[in-house]
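What you are looking at is a predicted structure, and each value in this text was computed from that prediction instead of being measured. Along the sequence shown, residues carry numbers from 1.
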Amino acid sequence: MTDTELQALAARIRQSLGCSKDLAEDYAKGIGDPPEIIHGKIVVRDSNQRIIARVPDSVLG
């Protein structure tokens, strides 16, 4: 994912969740390639592969 695509994804996450820019960027970075989707939610993992959040799959655009 390019920096531009990552920033766009973070903006959509921020808009969807109403969270801070920094948190949205962290979530965007934690989405795998390909994204892991369970029950309509994208799984966000940290560097230790622990689930830290689930965001709506609609943020993928």
Side-chain angles (χ1 to χ4, degrees):
M1 186 177 305
T2 67
D3 285 340
T4 303
E5 292 169 332
L6 189 67
Q7 290 300 316
L9 176 58
R12 291 191 301 271
I13 291 170
R14 185 175 183 197
Q15 183 178 35
S16 177
L17 300 181
C19 62
S20 71
K21 180 180 178 184
D22 291 338
L23 183 60
E25 288 175 356
D26 288 344
Y27 283 1
K29 291 174 187 171
I31 295 174
D33 187 25
E36 179 182 355
I37 301 173
I38 300 174
H39 303 295
K41 301 280 186 174
I42 303 167
V43 176
V44 181
R45 295 184 181 270
D46 65 9
S47 60
N48 296 321
Q49 296 305 305
R50 291 183 310 215
I51 297 172
I52 57 171
R54 290 179 174 87
V55 298
D57 63 358
S58 60
V59 301
L60 293 177

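Residues V55 and V44 have side chains in contact (heavy-atom distance under 4.5 Å, counting atoms from C-beta outward). Between L9 and R12, some side-chain heavy-atom pair lies under the 4.5 Å cut-off. The shortest distance between side-chain heavy atoms of Q7 and E25 falls below 4.5 Å. V59 is not listed as a side-chain neighbour of L17, based on a closest heavy-atom distance of 4.5 Å or more.
The shortest heavy-atom contact between A24 and A10 is CB-O, 3.3 Å. Here the closest heavy-atom approach between residue P35 and residue I31 is recorded as CB-CG2, 3.9 Å.
M1 and L60 fall within the same hydrophobic cluster, defined by Ile, Leu, Val, Met, Phe, Trp and Tyr side-chain heavy atoms under 4.5 Å apart, directly or through other members. Residue L23 is not grouped with residue V43 when hydrophobic side chains (ILVMFWY) are merged at heavy-atom distances under 4.5 angstrom, including chains of intermediate members.
Around atom CD of Q15, no more than 12 heavy atoms belonging to other residues, nucleotides or ligands sit under 6.0 Å away.
The backbone N or O of N48 sits less than 3.5 Å from a side-chain atom of D46, completing a donor-acceptor pair.
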> Could you walk me through whether Y27 and I52 pass the side-chain contact (heavy atoms from CB on, under 4.5 Å) check?
Replying inline: CA-CA 8 Å; Y27 283 1; I52 57 171; 4.3 Å; yes

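Atom CG of D26 is separated from atom OG of S47 by 10.5 Å, given to the nearest 0.5 angstrom. Atom NZ of K29 sits about 6.5 Å away from atom CG of L6, to the nearest 0.5 Å.
Using a cutoff of 4.0 Å between basic side-chain nitrogens and carboxylate oxygens, R45 and E36 are scored as salt-bridged.
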